[in-house]
Every structure is written in C-alpha cells, then in structure tokens.
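Below is one structure, written out as structure tokens; the observations come after it.
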Amino acid sequence: QAAPVSTTTQAEIYLSQFGYLPASARNPASSGLHDQQTWVSAIEEFQNFAGLNITGELDAETMKLMSLPRCGVRDRVGAGEGRSKR
Amino acid sequence: YALQGSRWRVKNLTYKISKYPKRLKRVDVDAEIGRAFAVWSEDTDLTFTRKTSGPVHIEIKFVESEHGDGDAFDGQGGTLAHAFFPVFGGDAHFDDAELWTIGSPRGTNLFQVAAHEFGHSLGLSHSDQSSALMAPFYRGFEPVFKLDEDDKAAIQSLYGRKTNQLRPTNFYPPTTQRPSFSPPKVPLDDSICKDSKVDTLFNSAQGETYAFKGDKYYKLTTDSVEEGYPQLISKGWPGLPSNIDAAFTYKNGKTYFFKGTQYWRYQGRQMDGVYPKEISEGFTGIPDHLDAAMVWGGNGKIYFFKGSKFWRFDPAKRPPVKASYPKPISNWEGVPNNLDAALKYTNGYTYFFKGDKYYRFHDARFSVDTATPPFPRPTAHWWFGCKNTPSSTGNIVEGSDSEFEQHSQIPHADD
C-alpha cells in the first residue's frame with residue numbers, strides 16, 4: 001500500500017516528485033534544506049493547480065489531496081531538474 | 001489544458017501491449033486499451049492500430065515497483081501509472097500492484113487511467129481543470145465517460161480537428177469556391193474592411209469573439225462579422241470607454257479591459273464592482289498604456305505586451321510578475337513588436353494582430369505558424385469576411401477557404 005501523505009517530509013517528497021520542488025528534495029540527505037519561501041511557494045503552487053484554497057500551509061485538505069491516487073507524471077513539466085521548452 | 005511541447009509527426013500510430021496485467025483477461029485488456037485510445041481519435045484524425053510484435057510508437061506494460069525507467073511504482077494507491085511524452089517515446093506503464101478493473105466501482109478503472117496516460121503519450125500535460133481527463137487525480141469510477149472540452153481543445157491544438165467524419169448525403173462537396181447561396185457576409189458598415197487595424201480582440205466566457213475598434217465593437221462568426229454589427233461599446237458594456245488598449249477573459253469567467261493607466265472588470269456585460277481601477281493596483285508589475293493582453297493556452301497564464309517587451313502575470317504568485325520580466329517579444333519567434341491585439345482563439349491557436357495583418361502562433365513549436373498563404377495574413381479578409389482586400393502576402397483569392405476551415409486540415413506535413 002502506498003502511504004498517505006501525513007508529514008512534512010512526505011509532502012516534500014510529493015512536491016518534488018510532481019515538479020513543485022527541485023528533485024534534490026527527494027534525496028533524504030538534502031530534504032528540508034530549502035528556504036521557507038520556496039516551501040510556501042511550492043505549497044501555494046500545488047494548491048492553485050489543484051483548485052484548493054491557497055493558504056501556503058500544509059493543511060489537512062492539502063494532505064488529503066496529496067494522498068489521492070493519481071498519475072505519476074509531473075504536474076509541472078520541465079520544472080526542477082531541467083529547463084522548460086521555452 | 002497544458003501541452004508538454006512535443007507531438008507525433010504522424011497521425012496513424014501503432015501500439016503494443018508487451019506485458020499484460022496479472023488479474024485481467026488479455027482479451028478484456030485489449031478491448032479496454034482500444035477504447036482508451038479511441039477517446040483521442042473521436043475528435044481528431046488520429047488512428048491507433050494494435051500490433052503484437054515488432055516496433056511500435058507506444059509500448060504498454062503492466063509492471064510493479066522498479067521497472068527499469070528509474071521511476072518505481074509505489075504499490076496499491078499512490079501513483080497508478082505514468083507515460084512518456086512523444087519526445088521521450090510515448091510508452092505507458094501501469095502499476096500492476098493496483099487492482100485494475102473494468103466497468104466496476106471496485107478497484108481502479110483501467111479505461112479511465114489508460115485514456116489519461118495516452119493523453120501524455122500524445123503530448124498533453126496535466127490540466128488544472130478538475131473536470132478534464134488530463135487532471136492528475138483519479139476521480140473514481142465514472143460509468144458514463146465524456147471527454148471534457150478542455151481535453152478536446154488540447155488534443156486538437158496538437159493534431160487538428162477531425163476531418164474524416166461521415167457527412168450527411170445532402171452536404172455540399174468540398175470546394176474552393178464558396179457556394180453561391182452562401183456568400184461571405186460583408187459587414188453593412190464596412191469601415192472595418194477599409195481599415196482593419198483593431199484596438200483589441202477577446203473571447204467572452206461563453207466563447208464568443210469580439211473585436212473592439214474606437215467606439216464600436218464587432219461580434220465575429222467563424223469567418224466574418226455577425227449581422228447587425230458594429231454596435232457601440234458604450235451600449236454593449238455599459239460604463240466602458242472607447243479606444244480600449246487590451247482585453248482578455250480569465251478562467252474565472254471575468255473579462256478585463258485596459259486603457260491608459262486604468263482597467264475595468266466585467267462579469268458578462270455588467271461591470272463587476274467599482275471601476276476603473278489603476279493597473280498598478282490590480283496588476284502589480286504590469287505597465288500602463290498596454291498594446292495587447294491574452295491568456296496563453298500553453299500554460300493558462302496572462303501575458304501583457306507593450307512595445308518590444310512582454311510580461312507574464314500569474315495571479316497565484318507573489319509577486320505575480322517574476323523579476324525576470326519584462327522579456328523581449330522576439331522570444332515569441334516571428335511575432336512583431338508594437339502589437340495591437342493578441343487572442344487565444346476558440347480553435348486553440350494563438351493569434352497576434354498588428355496593423356491590418358495577423359499572425360497565427362503555433363504553441364507547441366513556439367513560433368509563428370508556417371502555412372500557405374503565409375503569415376502574416378490580411379485581417380480584413382480572414383477575420384472580417386471582407387472581399388477584395390489588398391493583400392501584401394498574395395494568393396488570397398475571393399472565395400477561398402476560410403482561416404478556420406483550414407484548421408481542420410493537418411497544419412504541416414513537416415511538423
């Protein structure tokens with residue numbers, strides 16, 4: 001069973017997996033190293049994309065949506081690891 | 001919708017299921033995968049042919065955990081499947097730890113997930129429209145499937161509209177001449193034909209297209225101006241001034257008009273609050289006296305154009321305009337400076353207008369489209385249905401097919 005998202009670390013991995021945070025956030029050694037503004041901005045961007053209230057906080061509604069079954073393709077294509085087409 | 005940036009050069013694609021799921025019968029899987037591909041051929045000329053051996057465009061596998069592409073599956077729930085964009089091969093992988101089901105609310109519906117994944121295989125990214133098939137989250141079993149308009153627009157922007165539909169027997173045959181009983185409608189007030197430079201063009205939330213010029217506005221049909229136009233802007237949008245600089249309708253359904261240092265917001269034809277307001281207040285980081293504005297189909301963000309520069313505005317971001325803006329319009333390959341208007345049209349293409357000419361922009365290639373006749377083309381003929389307009393680009397003959405009929409063709413063989 002895939003684990004639901006219930007901690008900051010899991011959310012961090014999720015946001016990195018789907019292109020909202022740099023891929024390095026998936027590496028346990030470097031997780032938690034990004035600044036607060038990057039973190040809030042990533043949460044906001046995910047909330048905006050998913051049609052949630054944009055709070056910038058890892059609230060229950062956000063974690064609930066992050067725990068839904070979904071497609072494994074990144075939401076933000078080209079973000080994080082490389083350059084976008086443009 | 002959002003496009004990844006690549007697409008297949010051909011429309012007749014092949015696929016192969018090289019590893020079947022462990023819990024379903026092969027014959028059932030074949031049928032469901034076929035149905036899932038058919039979702040994308042309904043509104044385009046795409047065809048999908050199943051092969052059982054040899055090289056194919058799209059290879060399909062049901063696998064578990066780490067399966068060779070570095071993106072391991074995570075067991076039941078979580079990620080269900082992933083697929084590669086055309087530029088990366090188009091293959092689709094399904095997590096075989098899921099309980100794949102057919103026509104049942106139990107488990108995970110194979111057809112729905114496969115149709116979504118094949119959208120990626122064809123070049124579509126995730127949509128932020130929750131009703132779209134290309135939204136990333138699994139919505140549970142839906143007994144009646146209907147492709148969302150957002151998905152239709154997305155796939156047609158890459159592969160064009162369907163051209164091979166069976167026509168009713170009384171349908172007149174394709175011709176380069178307009179039928180004599182349906183002449184192009186020329187506006188009764190043909191001032192727009194004599195001077196087709198416009199102030200702005202925009203789509204309403206209902207998908208109607210309007211052109212503003214001076215104190216008048218025109219409602220456009222697919223190839224000309226609707227009868228009964230022009231009308232006065234002051235009557236159509238009470239409280240709105242003449243000589244608008246730029247306008248667009250955002251995904252919230254509201255239309256924004258810009259003039260000088262101010263902007264107005266309308267819900268349909270009604271002013272949506274106390275306006276005008278200063279652009280510097282509502283659109284921080286955007287200059288006044290704009291040339292053009294639009295919501296770009298490539299990413300749904302708002303773009304403003306002035307002189308030789310453009311700004312990208314994302315209301316969800318703080319600040320909404322990144323420090324890296326403005327950027328040169330020359331980044332939009334082939335688009336000129338000092339625009340009059342920009343429009344994401346209902347056919348999925350982006351259009352730029354300057355003087356009496358317009359440019360069609362190819363979102364996926366990120367450059368002005370190549371076509372015959374070439375762009376820029378005269379706006380009067382192609383947008384307002386005017387006859388015998390001067391054409392610096394040549395080859396515009398009276399009665400030729402309209403701009404919009406051409407979109408049902410494959411744009412270019414060399415894409």
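Each chain gets a letter, A, B and so on, in the order the sequences are listed, and its residues count up from 1. Predicted model only: the values in this text are computed from it and were never measured. Just the heavy atoms: all of them, side chains too, but no hydrogens, waters or symmetry mates, feed the values below.
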Between B:Q129 and chain A, which part of the residue has a heavy atom less than 4.5 Å away: side chain, backbone, both or neither?
neither

Whether the A:Y20 and A:D75 side chains hold a donor-acceptor pair (N or O, under 3.5 Å, no angle test) is what I'd like checked.
yes

Given B:H93, which partner from the list B:K19, B:H67, B:K61 fulfils the side chain to side chain donor-acceptor pair (under 3.5 Å) test?
B:H67

Can you tell me which of B:S127, B:G300, B:A2, B:A135 forms the most heavy-atom pairs within a distance under 4.5 Å of chain A?
B:S127

Do A:E12 and A:T9 pair up side chain to side chain, a donor and an acceptor below 3.5 Å, judged on atom types alone?
no

Please look at A:Q1 and chain B and tell me whether the side chain, the backbone, both or neither of the residue comes under 4.5 angstrom of a heavy atom of that chain.
both

Side chain, backbone, both or neither: which part of A:Q47 has a heavy atom under 4.5 Å from chain B?
neither

For B:E66 versus B:G70, what's the shortest heavy-atom pair and its separation?
OE2-N, 3.2 Å

Given the options A:S67, A:S41, A:C71, A:G72, which has more heavy-atom pairs under 4.5 Å with chain B than any of the others?
A:C71

Counting heavy-atom pairs under 4.5 Å with chain A, which one of B:G77, B:A81, B:P136, B:A316 comes out on top?
B:P136

Below 30° counts as parallel, above 60° as perpendicular, anything between as tilted: where do the rings of B:Y303 and B:W296 land?
perpendicular

